[in-house]
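To find a chain, count down the sequence lines: A is the first, B the second, and so on, and within it residues start at 1.
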Number of protein chains: 2
Amino acid sequence: MVLTEKHKELIERIGVFHEHKGMQPLVGRIIGLLLIHEEGEVSFDEIVEQLGVSKSAVSNALTFLQAKGRCIYSTRPGDRKRYFALKVSDWREDFAKELENIAEIQKFIDEVLEVRTEKNPEFNCKMKDFSDFLGFFKKEIPVLFERFKRQQT
Amino acid sequence: MVLTEKHKELIERIGVFHEHKGMQPLVGRIIGLLLIHEEGEVSFDEIVEQLGVSKSAVSNALTFLQAKGRCIYSTRPGDRKRYFALKVSDWREDFAKELENIAEIQKFIDEVLEVRTEKNPEFNCKMKDFSDFLGFFKKEIPVLFERFKRQQT
DNA sequence: CAGTTAGTTCTGCAAATACAGAACAAAATA
DNA sequence: TATTTTGTTCTGTATTTGCAGAACTAACTG
């Protein structure tokens with residue numbers, strides 16, 4: 001597949017977006033390439049060529065993506081190459097996990113509330129309120145997913 | 001305020017949690033300290049002493065936190081010191097912003113869908129589904145907040 | 001078995017990060 | 001006016017990051 005300038009520019013922006021999420025640059029660009037590539041599956045070689053980076057960098061990035069469960073590869077009979085693809089199947093699950101991860105701050109808030117004195121009740125109260133909201137939010141996530149499934153049909 | 005070992009350990013864990021979110025180490029620790037400190041307000045000096053870091057590092061970290069709107073300082077008559085505190089007031093708003101930020105990936109998904117060929121309709125379809133879900137999710141966030149407010153009273 | 005293919009692991013380095021320490025600024029105080 | 005207080009900005013540096021390139025491995029091929 002030949003990438004146009006527009007493709008390349010979009011890959012870069014998707015890369016930067018993922019960098020902001022704490023991933024290393026190349027990982028984000030590979031996600032971009034796998035998203036944009038018309039086949040959905042891209043060989044190791046093609047990643048190296050399309051992104052113009054070294055084999056070692058690609059190898060490490062793909063190992064990372066597979067460890068995170070965001071990427072898998074398949075093989076073809078009579079072809080030793082690995083064809084890498086994003087695990088699009090469980091995007092919604094990934095999204096749910098990310099949401100729960102955000103709400104993980106609730107644990108810290110609760111721990112903080114345990115060690116705090118009563119010296120500043122207003123502050124404590126606001127923290128309690130936030131913790132309550134996070135609890136509410138976590139409970140509502142699955143409900144939200146359910147409603148989406150139903151309204152979708 | 002004297003910090004116990006438990007306090008210090010909790011500050012470190014809150015620091016690491018924020019590091020994983022892309023913040024620099026000291027910024028996360030300052031958030032931890034401001035959360036745990038019984039007054040809620042902590043002077044520049046005390047931050048330097050409690051965390052055992054340089055003034056320059058604290059200055060930069062506080063500038064960053066203020067720029068991000070996560071921190072403010074107040075002053076007291078006859079006292080030149082600045083007392084820094086977290087902006088707990090709008091935690092829920094911050095949380096909502098973070099959620100919308102996550103859902104920002106929808107923009108990229110839609111852009112990708114525009115440049116993709118019809119060569120892999122299954123892949124395209126899954127992406128479309130994910131985009132639809134993100135759209136649904138964004139719409140539902142304010143509803144969720146509303147429901148929390150009501151059930152809270 | 002020698003050579004090729006496909007990818008991994010090791011080594012080194014350039015650039016970025018995160019901070020310390022010193023110099024500095026501005027205001028209050030003596 | 002000299003000194004202290006409260007922080008900021010500048011300069012240098014140890015550490016970490018992110019990758020390149022080379023060496024390596026394993027499997028296939030001629």
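A/Leu26 comes within contact range of the sugar-phosphate backbone alone, with a heavy-atom separation under 4.0 Å but no base atom that close. Within 4.0 Å (heavy atoms only), A/Lys55 reaches at least one base atom of the nucleic acid. Among the heavy atoms of the strands lying under 4.0 Å from A/Val53 are primed sugar atoms or P, OP1, OP2 only; no base atom is included.
Going from atom CZ of B/Phe64 over to atom C1' of D/dT9 covers 19 Å, rounded to whole Å. Summarising the geometry, the separation between CD on B/Glu19 and C1' on C/dC19 is reported as 13 Å, rounded to the nearest angstrom. Nucleotide D/dT29 holds its P atom 14 Å from the NZ atom of A/Lys81, rounded to whole Å. Atom-to-atom, CE of B/Met23 to C1' of C/dT17 comes out at 16 Å; the value is rounded to the nearest Å. With rounding to whole Å, B/Glu49 atom CD is found 13 Å from D/dT6 atom C1'. The distance from atom CD1 of A/Ile30 to atom C1' of D/dC19 is 12 Å, rounded to the nearest whole Å. Following rounding to the nearest Å, A/His18 (NE2) and D/dG18 (C1') show an atom-to-atom distance of 18 Å. Rounded to a whole Å, the CD1 atom of B/Ile47 is 16 Å from the C1' atom of C/dC19.
Taking the ring axis of A/Tyr73 as reference, the NZ or CZ atom of A/Arg82 stays within 45° of it and closer than 6.0 Å to the ring centre. Both cation-pi conditions hold for B/Arg76 and B/Tyr83: the charged atom is under 6.0 angstrom from the six-membered ring centre and inside a 45 degree cone around its axis. A cation-pi arrangement is absent between A/Arg13 and B/Phe108, since the terminal nitrogen or guanidinium carbon is not both under 6.0 Å from the aromatic centre and inside a 45° cone about the axis.
Paired with A/Arg29 under the rule side-chain hydrogen bond (donor to acceptor under 3.5 Å, both in side chains), one option of A/Gln50, A/Glu19, A/His18 passes, and it is A/Glu19.
Considering only side-chain atoms of A/Phe44, the nucleotide from C/dT8, D/dA20, C/dA6 that sits closest is C/dT8. The A/Arg80 side chain lies nearest to C/dA6 when the options are C/dA6, D/dC19, C/dA28. Picking from C/dT9, D/dT8, C/dC19 the nucleotide with the shortest atom distance to the side chain of B/Ser59 gives D/dT8. Among C/dA20, D/dA26, D/dT8, the nucleotide with an atom closest to any side-chain atom of B/Ala57 is C/dA20. Looking at the side chain of A/Ser56, the nearest of the listed nucleotides C/dT9, D/dT5, D/dG7 is C/dT9.
Note on A/Arg82: every side-chain N or O is 4.0 Å or more away from OP1 and OP2 of D/dA27. For C/dT17, neither phosphate oxygen OP1 nor OP2 lies less than 4.0 angstrom from any side-chain nitrogen or oxygen of B/Gln24.
Between A/Leu62 and B/Asn60, the residue anchored nearer the 5' end of DNA chain C, judged by the nucleotide with its closest heavy atom, is A/Leu62.
Ion pairing between A/Lys8 and A/Glu12 fails under the 4.0 Å rule for side-chain N and carboxylate O.
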